[in-house]
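What follows is a set of notes on a single structure, which appears directly below.
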2 protein chains.
Amino acid sequence: MARMKKETGIQESLMGLIHQYKKNIRHAVNARELGLTGMHVRVINILARLPKSEATANELVKLLGRDKAQIARLLKELIFNGLVTKQENPLDKRSQLLVLTEQGKQLTQTIKQAEQQILAQMQAGLTPEELSLFNQITLKMMNNLNR
Amino acid sequence: MARMKKETGIQESLMGLIHQYKKNIRHAVNARELGLTGMHVRVINILARLPKSEATANELVKLLGRDKAQIARLLKELIFNGLVTKQENPLDKRSQLLVLTEQGKQLTQTIKQAEQQILAQMQAGLTPEELSLFNQITLKMMNNLNR
DNA sequence: TTATTTGGTAGATAATGTCAACTAATTTAT
DNA sequence: ATAAATTAGTTGACATTATCTACCAAATAA
């Protein structure tokens, strides 16, 4: 990708960054032969961060900001691959708790390692303050649009 | 999408932002019944910014950071819809110059207007300095990954 | 001159994504 | 208490975005 200039617009900068990031993740995951896609990785990551590594599908829909049909399919695949299991949700008979299996949890370490490498490269030369500010602005923009 | 917290990771913030942005663009474009997809819009925008509104396919590949097969298809569709035409490239017989038609140029105004609205919403409450810094960091990150 | 690389086209397929329909459970309204 | 409305999840159908490959002709390198 051409070295992007400032005048191109902030949205193009963002598109370029995300595309590059996703590409790096995909290559890292493929290189480790994990048999996962980018979205699988994201679901696993989200679950790994949650208390007890569990959430309902609807919670994942909200956390990932994706359509429930897509989330259902991703979960179905992760369940099929033994990385996630379903458990009864005592609070609501319509839903189940999606939980990382032991296999899923172990995979998390591999994924984390790969991600950290890419993030480190991406953030090279930036101070903690810059990164913090960047993240804050990102969140603010997202929330601005999400209303 | 759940109000995203800081601890989720910068990459998730970015994913959330871009997803929301794309969604807003898609809705705006659909509402105006332009019959375009997000990627069409981006190609048109890039061409509109270039001197003489023209570029070779390969230049677009570089500017958009996308695979040449994808770009070829997008261009094919835009040509079919009369928004872009092909002209001989005097410098290289293998390639042609892709140029916005009058129709394409006029469409650019509509697209720009829609985009500006969304960008304004997205950037509400942020100072020019913050935005400038944000864009610089974005570009730096992208270039960090693009090596 | 020959070998290699490059620009573009199209095949084949994967990944991501949306809208709709449906059923059962839950919540809200009467 | 009962009926109406909403919601959680599943699946169908399809759109959009994206990648890798093969190929041919033109351009470049050896």
Side-chain angles (χ1 to χ4, degrees), chain A residues 1 15-16 18-27 29-31 34-44 54-81 84-98, chain B residues 1 15-16 18-31 34-43 54-81 84-98:
Chain A
M1 180 168 203
M15 301 273 197
I18 281 289
H19 186 67
Q20 202 64 31
Y21 176 78
K22 284 178 179 174
K23 193 175 183 177
N24 275 269
I25 289 287
R26 193 168 57 245
H27 288 174
V29 169
N30 289 344
L34 302 181
L36 299 175
T37 65
M39 288 303 297
H40 288 138
V41 167
R42 289 182 66 199
V43 172
I44 289 172
E54 70 184 25
T56 64
N58 208 33
E59 283 166 341
L60 290 172
V61 163
K62 291 188 172 64
L63 288 169
L64 286 161
R66 293 304 195 268
D67 184 91
K68 60 184 184 175
Q70 189 185 2
I71 299 300
R73 292 198 171 95
L74 289 168
L75 288 170
K76 189 171 182 177
E77 287 155 9
L78 290 172
I79 289 166
F80 180 76
N81 288 319
V84 170
T85 63
K86 277 190 187 179
Q87 286 173 12
E88 226 178 70
N89 178 4
L91 302 180
D92 190 340
K93 283 196 170 58
R94 296 173 303 180
S95 70
Q96 305 88 38
L97 292 173
L98 288 315
Chain B
M1 177 164 200
M15 301 274 196
I18 281 287
H19 187 67
Q20 202 64 32
Y21 176 78
K22 284 179 178 174
K23 193 174 182 176
N24 275 268
I25 290 286
R26 193 169 56 247
H27 288 174
V29 168
N30 289 345
L34 303 180
L36 301 174
T37 65
M39 289 305 297
H40 288 139
V41 166
R42 289 182 65 199
V43 172
E54 69 185 22
T56 65
N58 207 35
E59 282 165 343
L60 291 172
V61 164
K62 291 189 169 66
L63 288 169
L64 286 161
R66 292 306 196 263
D67 185 89
K68 60 180 183 175
Q70 188 185 2
I71 299 299
R73 292 196 174 92
L74 289 168
L75 288 170
K76 187 172 184 178
E77 288 155 9
L78 291 172
I79 289 166
F80 180 76
N81 288 320
V84 169
T85 63
K86 276 190 186 177
Q87 286 172 12
E88 223 177 70
N89 178 5
L91 302 180
D92 189 338
K93 283 195 172 55
R94 296 174 303 180
S95 69
Q96 305 87 36
L97 292 173
L98 288 315

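Numbers restart at 1 for each chain; the letters A, B, ... are given by sequence-line order, proteins then strands. Everything numeric in this text was worked out from a predicted model, so none of it was measured.
- Distances shorter than 4.0 Å separate none of the side-chain N or O atoms of B:R26 from OP1 or OP2 on D:dT16.
- Taking atom CE of residue B:M15 and atom C1' of nucleotide C:dG17, one finds them 14 Å apart after rounding to whole Å.
- What separates CE of B:M39 from P of C:dG17 is a distance of 14 Å, to the nearest Å.
- Inter-residue side-chain proximity for B:T56 and B:L97 is flagged as met; some heavy-atom pair is nearer than 4.5 Å.
- Listed for the A:H40 side chain is a donor-acceptor partner under 3.5 Å among the backbone atoms of A:T37.
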Would you list the protein and nucleotides 27-30 of chain D atom pairs, both N or O, that sit under 3.5 Å from each other?
{"from": "D:dA27", "atom 1": "OP1", "to": "B:K93", "atom 2": "N", "distance (Å)": "2.9"}

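- With sequence neighbours excluded, no residue forms a side chain to side chain donor-acceptor pair (under 3.5 Å) with A:R73.
- Across the protein-nucleic acid pair, A:I18 atom CD1 and C:dT16 atom C1' stand 14 Å apart, rounded to whole Å.
- For the atom pair CZ (A:R66) and CG (A:L60), the distance works out to 12.5 Å, reported to the nearest 0.5 Å.
- Under the 4.5 Å side-chain criterion, counting only non-hydrogen atoms from C-beta, B:I18 is in contact with A:M15.
- Residues B:L78 and B:L36 have side chains in contact (heavy-atom distance under 4.5 Å, counting atoms from C-beta outward).
- Nearest-nucleotide positions on DNA chain C place B:K86 closer to the 5' end than the other of A:T37 and B:K86.
- The interatomic distance linking A:K23 (NZ) with C:dA15 (P) rounds to 17 Å, in whole Å.
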For nucleotides 10-12 of chain C, which of its nitrogen or oxygen atoms have a protein nitrogen or oxygen under 3.5 Å away, and what is each distance?
{"from": "C:dA10", "atom 1": "OP2", "to": "B:K76", "atom 2": "NZ", "distance (Å)": "3.0"}
{"from": "C:dG11", "atom 1": "N7", "to": "B:R73", "atom 2": "NH2", "distance (Å)": "2.6"}
{"from": "C:dG11", "atom 1": "O6", "to": "B:R73", "atom 2": "NH2", "distance (Å)": "3.2"}

